[in-house]
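Structure, as structure tokens:
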Amino acid sequence: MRTAVIAAIAGALVGCGKPPAGSPGQDPKNMSEKAGPEGHDHEASKERAFHAQEHEEEAQAYSDHRGRGHHKGHRFTDPAEWTAQFDSPERAAWQKPDEVVAALQLTPAMTVADLGAGTGYFTVRLAAAVPQGRVIANDLEPGMVRWIGERAAKEGLANVTTAQGDVADPKLPAGLDVALMVDTYHHIDEPTRFFGKVREALKPGGLLVVVDFKKDAPDDAPGPPAAMRVDDTLVAAHLTKLGLTHERTDRELLPYQYLVFMRKPG
Ligand SMILES: C[S@@+](CC[C@H](N)C(=O)[O-])C[C@H]1O[C@@H](n2cnc3c(N)ncnc32)[C@H](O)[C@@H]1O
């Protein structure tokens, strides 16, 4: 019953659902990933499957209008509007942010990146978990980056810095112990180049954790429609192809999302 109520609320207040009225759209034909010299190795069957699924499902999300206004390339330009969803108190019931942060097994002096940080829902929690360390909050949107900077200042979080990236490069400093990406993987337009840069920024032995929506979550679950969700096995396969080691996938901690744990070889 409680789950049903949460799911009903989440239909309106999803982790990254329908953009606010008036949010700019993007031409669908410009949104598929770009092939190129640094693009995808089409010899790898798993990666082929990954991209085939992405492209097919993206097209499907458009054609059957199940996209709830949600598509891979949609933009998050206005933090003042998105904060109502991202920072909604109801989200904690299914997002369990403290459990997610605990699963990272951070120590107080670590350097951590929050990839696609949005309005800083996880950034502020990560900052509390590494009081002698540092959190780099990355986002594509200048408005989000500015918002997080202001939020960190208001909340007295001196260990938060920001990094405005572009679609193919999060622009992270080297030396990360941990990188966390929540509800963002399915938005990354150029995953091969983007995660190649993440791998470079991680220390040897560093950890990347991707949290995103289960392919088989109920259709009315928070997050994108099923057609846009990326199966956890494809996430792990793609990141393995980029030179990270798949440590484990947790499908139990959260009701609608998985956590994929990838380690940079030491
Ligand atoms: C659904 S929100 C998730 C925000 C936050 N992680 C959370 O859990 O509340 C997705 C965020 O990813 C950002 N994003 C999308 N593509 C990105 C990219 N290539 N690099 C960095 N951020 C990106 C968007 O601007 C948006 O703020």
Side-chain angles (χ1 to χ4, degrees), residues 30-61 71-73 100 103-104 112-116 136 138-140 163 165-217 223-224 226-251 254 257-266:
N30 295 330
M31 292 196 313
S32 58
E33 291 169 25
K34 293 150 199 76
E38 292 180 78
H40 316 302
D41 175 1
H42 292 282
E43 297 305 306
S45 62
K46 279 187 172 167
E47 194 171 354
R48 267 204 308 275
F50 170 85
H51 293 298
Q53 178 191 298
E54 280 204 325
H55 294 162
E56 181 190 319
E57 294 180 349
E58 205 171 328
Q60 192 187 346
H71 56 75
K72 187 175 176 184
V100 171
L104 304 178
V112 182
D114 185 3
L115 305 173
I136 298 108
N138 150 264
D139 206 279
L140 188 62
D166 62 38
V167 286
D169 185 352
K171 309 260 174 77
L172 301 167
L176 300 179
D177 293 292
V178 176
L180 173 69
M181 173 177 276
V182 181
D183 301 354
T184 298
Y185 186 92
H186 64 279
H187 289 293
I188 298 297
D189 274 337
E190 301 205 28
T192 298
R193 291 206 282 169
F194 184 95
F195 288 104
K197 295 288 186 185
V198 174
R199 186 199 54 214
E200 275 174 29
L202 283 168
K203 287 180 183 169
L207 181 69
L208 165 65
V209 178
V210 175
V211 180
D212 218 312
F213 292 92
K214 294 173 187 167
K215 191 77 182 154
D216 55 357
M228 273 201 62
R229 298 181 206 140
V230 181
D231 191 78
D232 58 87
T233 58
L234 296 177
V235 175
H238 186 234
L239 296 172
T240 299
K241 183 83 190 350
L242 297 181
L244 298 168
T245 303
H246 181 219
E247 239 175 38
R248 67 190 178 97
T249 296
D250 186 333
R251 291 178 47 86
L254 305 175
Q257 295 151 293
Y258 52 77
L259 297 85
V260 175
F261 292 75
M262 305 295 306
R263 184 80 62 184
K264 178 168 172 173

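Inter-residue side-chain proximity for Arg263 and Leu244 is flagged as unmet; no heavy-atom pair is nearer than 4.5 Å. When side chains are defined from C-beta on, Leu115 does not count as touching Val210, because their heavy atoms never get closer than 4.5 Å. When side chains are defined from C-beta on, Leu239 does not count as touching Lys241, because their heavy atoms never get closer than 4.5 Å. In this structure, the side chains of Met181 and Ile188 come closer than 4.5 Å at one or more pairs of heavy atoms.
Checking side-chain atoms of Asn138 against main-chain N and O of Gly116 turns up a donor-acceptor pair under 3.5 Å. Listed for the Lys264 side chain is a donor-acceptor partner under 3.5 Å among the backbone atoms of Arg199.
The aromatic ring centroids of Tyr185 and Phe195 lie less than 6.0 Å from each other.
Rounding to the nearest 0.5 angstrom, the gap separating the CG atom in Asp114 from the CG atom in Asp139 is 9.0 Å. Annotation: the span from His246 atom NE2 to Met262 atom CE amounts to 6.0 Å, rounded to 0.5 Å. Taking CG of Leu208 as the reference point, atom OG1 of Thr245 lies at 11.5 Å (rounded to 0.5 Å). Taking OG1 of Thr233 as the start and NZ of Lys215 as the end, the distance is 10.5 Å to the nearest 0.5 Å.
Contact between Phe213 and Pro224 at its shortest, heavy atoms only, is CD1-CD, 3.4 Å. In this structure, Leu207 and Leu202 approach most closely via the heavy-atom pair O-CD2, 3.6 Å. Among all heavy-atom pairs drawn from Ile136 and Ala163, the shortest one is CG2-CB, 3.7 Å. Taking all atoms of both residues into account, the shortest heavy-atom contact from Pro173 to Ala201 is O-CB, 3.5 Å. Closest non-hydrogen pair, Ala103 versus Phe261, comes out as O-CE2, 3.6 Å. Val182 approaches Gln257 most closely through the heavy-atom pair CG1-NE2, 4.4 Å.
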Show the numbers, then the answer: is there a salt bridge (charged side-chain N to carboxylate O under 4.0 Å, His left out) between Arg193 and Asp169?
CA-CA 7 Å; Arg193 291 206 282 169; Asp169 185 352; over 6 Å; no

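Ion pairing between a basic and an acidic side chain is recognised when a charged N comes within 4.0 Å of a carboxylate O; Asp212 and Arg229 show no such pairing. A salt bridge is defined here as a Lys NZ or Arg NE, NH1 or NH2 lying under 4.0 Å from an Asp or Glu carboxylate O, and Lys171 with Asp166 meets this definition. At a threshold of 4.0 Å, the pair Asp232-Lys214 does not count as salt-bridged, since none of the basic side-chain nitrogens sits closer than that to a carboxylate oxygen.
By the 6.0 Å and 45° rule, Arg251 does not stack over the aromatic ring of Tyr258.
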